[in-house]
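Convention: sequence-line order gives letters A, B, ...; per-chain numbering from 1.
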Amino acid sequence: MNDQLFAYKRENGRWGLRNHVLILPLHSALASSARAIADSSDGAVAISHDWSGEVDSDLARILFTFTGYASNPNNFAVIFLSIGSKEEIAIIEGAMSLGLTRSATLSLPQIGSIEKLQSQALDIANTYLQEAKVQERVKAPWSAIVLGLECGGSDALSGITANPALGVASDRLVELGATSVLGETTEILGAEHLLAARAIDPEVATRIVAMVARYEASINYEGIDIRGAQPSRGNIEGGLSTLEEKSLGAAKKAGNAPLTGVLEFGEKPVKPGLYFMDTPGHDIEQLAGFGAGHINVVVFTSGRGTPTGSAIMPTIKVSTNTPMYLSIPDLIDLDAGTIADGVETLTQVGDRIFTEILEVANGRLTKAELGGHHEFALSRMYNTVIN
Amino acid sequence: MSEKIQGFAHGNRGVGIRNHQLILPSVICSTHVARKIATEVGGVTFAHQHGCGIIGDDVAGIENFFIQLADHPNVNSVLVIALGCETIQGQELVVKLLKSNESTQYCIIQESGGVSGTVTAGVKAARELNNAFKPASVEIQSLRIGIDVGRATLVVAALEKLLTAAGHFVLISQSESSSAVSFSHLAQEKAQIIISFPSESQPTSGFPLMPVINVAGSAALHQAIRADFDIAEDEILESILDLISSVASGAQTIAEKNNSGEIRAPRVVRSV
């Protein structure tokens, strides 16, 4: 095989497919500052979120998300904007212990005002960006690719075109020694037995079934039947009938490779292979979990189309049907509708997705990156209304 | 009230002290497109993580929250930016909004040719709304003032008395840890302006639709970032009426100057 991969080698043994300077606000009151700094810089990225340091039942999940996201290998450097709380310090230290080597912490109380914090952060960001530009990609093994598999706005063709084609690409990568991670527990409900049957050992099989049961129980606990809330209205308009039909199609993104392991939300895979990660179906919360799990490239299939992108992970979008691909040209990278049109075979589209992943991994920008789409959302297990 | 304040007549929304055009993303997926449009036309928008993957009481709860933001007295017109396949459907939201305010429009990303198509259509629609709905200037007799109480302080009772005696209507909201939930609550209660006493461990914050006057306490954090506060707690009783008059007449608070303000919708169920 002549396909070659070039990536950024990181201290923690992982590989970056991008060399981002991330402005990470550790308090929601600094989110608008983070965005302003990134917008004025020579190419830094920022996220915004709505955590204001609340110490509640979701704290551990939120800290885990931020430590993983900050130490994602696609980050060359991170600038933390902090109000100096002990939870924030724990995030910064946690990210360093997970392999983040270049970071600056701008403490609002030490600097004295938001205005000064923004101007200091901008100078540091531009210095990091200069350094990042100088670093060169080096020849990397296939294991450098940690691919995330996602779908959103599914329709009746998802399980016939884009998802199984992505499965072909995922299988090829796993066979070459890369890692591929399927997410969205909501969207394998009813199809978990098929993944369990492919588990490398009985423990993994038991874990995936238990994980899905735990997920459904957490929804039932709220007095809601998830099978009534899913498929979503958009899915039904797209021609899907039941949650099970959606799940059977969604699981096809993971191809036919053996299931190596099961990951909690934001957990990092430790060796190559195919994994399942427990994430919500909410596309953006799910992407945050992938970022925290050190995934460095994502393929996102969609029947309805979405602008969604990530600040740090290139996100390749694949349409399930050609009319959608043609109607929103600046959102979708590849069309898999050609399978339904009889123009291409599943394998041909799978090969195109594989090539696209490799080219994007080597630095070609996705449409979401070109459009600057940096959505981010924290996943919470509990409510946000205490009083 | 000693000095009269000129406000903006915003139809059924009431009289505002700001003349904001709200670019409202009905789902997180459209927040970025909404921001591009808002930047282009000078409107206000905000990032949020809602609109999809929500279940149970949150579907009606968050939709209702968006409706109340759109009905806020400081808002002149509303442009809803929808994706198309979300749980809270933009078109249906707009139908509900139109019942009380005709100055409402929407664009759907999946039906407008993607991002660039939606930005073009959205900028056009926002400008049309601005041209079609010019608010008249009216004198405000009484303001709805929200007080966010994030810390134990004796001054709030005296402040409430002072503001009430000056002819204003006062709403009080206790915030447990951060002010974000309190601000959302006060927005739903149609407060035109907020006076915030953040907790000792919290910095200043803002809200996209309302000017927030941040009051510094004696805590170390507040003293360290005194420059981000509009006023100190020990000078509030003597200065607040003048400050309110000036802010209500258009002077920007520090949070407004910093464009500070994220919105956190109250959510009662986990996302899916």
Between [Y] and [X], is there a salt bridge with N-O shorter than 4.0 Å?
X: A:R304; Y: B:E86; answer: no
X: A:R214; Y: A:E264; answer: yes
X: B:K257; Y: A:E115; answer: no

Notebook entry, point to check: Ring centres of B:F66 and B:H48 under 6.0 Å apart?
Noted result: yes
Segment of [X] engaging chain A (4.5 angstrom heavy-atom cut-off):
X: B:S201; answer: backbone
X: B:S260; answer: both
X: B:T204; answer: both
X: B:Q223; answer: neither

Against chain B, work out which of [options] has the most heavy-atom pairs shorter than 4.5 Å and name it.
options: A:I332, A:L378, A:L326, A:I236; value: A:L378
options: A:L108, A:L30, A:V55, A:T185; value: A:L108
options: A:L331, A:T306, A:D330, A:L117; value: A:D330

Next item on the list: Quickly, which of A:D50, A:D56, A:D58 forms a side chain to side chain donor-acceptor pair (under 3.5 Å) with A:R380? Name it, please.
Entry: A:D50
Notebook entry, point to check: Are side-chain heavy atoms of B:V215 and B:I195 found at a separation under 4.5 Å?
Noted result: yes
Notebook entry, point to check: Taking only residues two or more places apart in sequence or in another chain, which ones pass salt bridge (charged side-chain N to carboxylate O under 4.0 Å, His left out) with B:R226?
Noted result: B:E235
Note to self: Would you call the rings of A:F66 and A:W51 parallel, tilted or perpendicular, taking 30° and 60° as the class edges?
What the structure shows: tilted
Margin query: Using 30° and 60° as the class boundaries, would you call the ring planes of A:H49 and A:F376 parallel, tilted or perpendicular?
Written below: perpendicular
Check: What residue, out of B:T118, B:I254, B:L83, B:D58, has the most heavy-atom pairs lying under 4.5 Å from chain A?
Finding: B:L83
Notebook entry, point to check: Would a distance-only check, ignoring hydrogens and angles, find a side-chain to backbone donor-acceptor pair under 3.5 Å from A:E184 to A:P280?
Noted result: no
Check: Using a heavy-atom distance cut-off of less than 4.5 Å, which residues of residues 282-291 of chain A contact chain B?
Finding: A:H282, A:I284, A:E285
